[in-house]
Amino acid sequence: MNWVSFYSSFIFSFILIGFILWKLSLVLLGLLMVLLGLVWFVYDSVNISIHFLNGFFLFIMSEVIIFLSLFVCCLWFRDVNDISISEYNELPLLGSFFLLGSSITATVFHLQMNVSSLFLWLTILLGIFFIILQGFEYNESPVNLFSSVYHACCFTTISLHFSHVLLGVLLLLGLLYYSPKVVNLYYSNLIVWYWHFVDYIWLLVYTVVYIF
């Protein structure tokens with residue numbers, strides 16, 4: 001545990017409490033802390049070269065635990081009369097091809113990181129296509145967050161994954177803007193690994209939410 005974890009916790013707390021209590025000052029304070037954190041990240045990316053991976057893998061482990069908890073809720077509250085939020089062989093299946101394809105392009109980019117950014121562009125485009133596709137899925141779904149507890153669990157699961165995809169695309173855009181030659185190799189690797197995590201966790205999301 002280091003100061004970054006505590007700092008992130010305070011950011012989350014200020015923004016969440018600000019929205020719940022409708023205190024604009026707390027929300028603005030949280031956003032200011034986010035901005036300061038981004039400035040520190042850019043400075044750290046350029047000037048520091050030695051880090052440990054333990055924190056990153058602990059973060060991934062915590063994310064896996066959160067997703068597993070939501071999977072249990074989806075399966076627990078599933079009823080034979082509940083309809084799926086979307087047909088498994090329609091938009092979600094196409095989205096799966098987009099994400100799995102982006103995992104391949106991300107791997108190719110990772111292997112030739114300092115040679116070309118073509119496959120990074122392709123990875124970003126596939127991620128954006130997935131985001132747009134999921135937007136259409138939300139709009140066309142015959143149910144919503146308030147239809148039942150089961151549907152609430154399913155929408156929470158795919159929305160959490162959606163937020164991870166959106167964050168992953170933003171990180172990839174940052175990597176594209178600064179290029180791996182500017183961003184420390186450590187952070188470049190973490191961004192690509194994070195994107196692989198987002199891709200592979202989707203396979204479980206797809207299986208639990210759309211097939212079961």
Side-chain angles (χ1 to χ4, degrees), residues 4 8 37-38 41-42 44-68 70-71 86 88-137 157-212:
V4 177
S8 303
L38 290 175
F41 172 78
V42 173
D44 187 57
S45 300
V46 176
N47 293 281
I48 300 178
S49 60
I50 299 176
H51 290 275
F52 297 100
L53 296 177
N54 295 347
F56 175 75
F57 290 122
L58 286 174
F59 164 72
I60 293 297
M61 184 182 300
S62 67
E63 294 292 296
V64 170
I65 292 173
I66 294 174
F67 274 105
L68 290 178
L70 290 173
F71 294 157
S86 184
Y88 74 92
N89 57 350
E90 294 181 355
L91 293 180
L93 182 61
L94 180 58
S96 300
F97 281 107
F98 284 152
L99 276 189
L100 293 180
S102 71
S103 185
I104 296 174
T105 56
T107 300
V108 177
F109 163 72
H110 202 194
L111 294 175
Q112 55 175 22
M113 191 175 293
N114 293 314
V115 178
S116 172
S117 60
L118 171 63
F119 286 96
L120 179 58
W121 273 106
L122 292 176
T123 304
I124 294 172
L125 287 176
L126 289 171
I128 293 175
F129 289 158
F130 178 86
I131 292 173
I132 296 174
L133 198 67
Q134 197 142 60
F136 281 112
E137 180 189 350
T157 304
I158 62 175
S159 297
L160 179 64
H161 180 267
F162 178 87
S163 66
H164 282 68
V165 176
L166 183 61
L167 176 61
V169 169
L170 293 176
L171 290 173
L172 291 172
L173 285 171
L175 186 60
L176 178 66
Y177 179 78
Y178 287 104
S179 83
K181 297 178 181 179
V182 177
V183 178
N184 189 278
L185 180 62
Y186 169 82
Y187 290 108
S188 301
N189 290 334
L190 291 192
I191 292 172
V192 175
W193 293 342
Y194 176 81
W195 187 254
H196 284 308
F197 163 74
V198 170
D199 293 341
Y200 298 146
I201 201 68
W202 170 253
L203 296 177
L204 294 176
V205 173
Y206 178 77
T207 302
V208 172
V209 173
Y210 298 102
I211 296 180
F212 283 167

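No experiment lies behind these values; they were computed from the predicted model shown.
- Within a 6.0 Å radius of OH in Y200, more than 12 heavy atoms belonging to other residues, nucleotides or ligands are found.
- Counting only heavy atoms from C-beta outward, the side chains of F59 and E63 approach each other to under 4.5 Å.
- Of all non-hydrogen atoms in L133 and G95, the two that sit nearest each other are CD2-N, 3.3 Å.
- Once rounded to the nearest 0.5 Å, the distance linking CG of L91 with CZ of F136 reads 9.0 Å.
- For the side-chain hydrogen bond (donor to acceptor under 3.5 Å, both in side chains) test, no residue two or more places apart in sequence or in another chain qualifies with Y206.
- Looking at S103, its side chain never comes within 3.5 Å of a backbone N or O of L100 through a donor-acceptor pair.
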Evaluate Y194 against L171 for side chain to side chain contact (heavy atoms under 4.5 Å, CB included), listing each step before the verdict. CA-CA 9 Å; Y194 176 81; L171 290 173; 4.1 Å; yes
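- Going from atom OG1 of T157 over to atom CD1 of I201 covers 10.5 Å, rounded to the nearest 0.5 Å.
- Rounded to the nearest 0.5 angstrom, L99 CG and W202 CH2 are separated by 7.0 Å.
- With sequence neighbours excluded, the residues that form a side-chain hydrogen bond (donor to acceptor under 3.5 Å, both in side chains) with E137 are Y210.
- For the pair H110 and N189, the minimum side-chain heavy-atom distance is below 4.5 Å.
- Here the side chain of H161 pairs a donor or acceptor atom with the backbone of V198 at under 3.5 angstrom.
- Put simply, CD1 on I66 and CZ on F71 are 11.5 Å apart, with the number rounded to the nearest 0.5 Å.
- Atoms NE2 and OG, on H164 and S159 in that order, are 12.0 Å from each other to the nearest 0.5 Å.
- When the shell of 6.0 Å around CZ of F162 is examined, it contains more than 12 heavy atoms from other residues, nucleotides or ligands.
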Full working for side chain to side chain contact (heavy atoms under 4.5 Å, CB included) between L160 and S163: CA-CA 5 Å; L160 179 64; S163 66; 4.0 Å; yes
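- Note that the OG atom of S117 and the CG atom of L176 stand 5.5 Å from one another [nearest 0.5 Å].
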Trace of the side chain to side chain contact (heavy atoms under 4.5 Å, CB included) decision for F109 with L175: CA-CA 12 Å; F109 163 72; L175 186 60; 3.7 Å; yes
For residues 120-131, run the donor-acceptor check on the side chains, cut-off 3.5 Å, and write out each pair with its distance to 0.1 Å, sequence neighbours left out.
{"unit_1": "T123", "atom_1": "OG1", "unit_2": "T105", "atom_2": "OG1", "d": "2.7"}
{"unit_1": "T123", "atom_1": "OG1", "unit_2": "A106", "atom_2": "N", "d": "3.2"}
{"unit_1": "T123", "atom_1": "OG1", "unit_2": "F119", "atom_2": "O", "d": "2.7"}

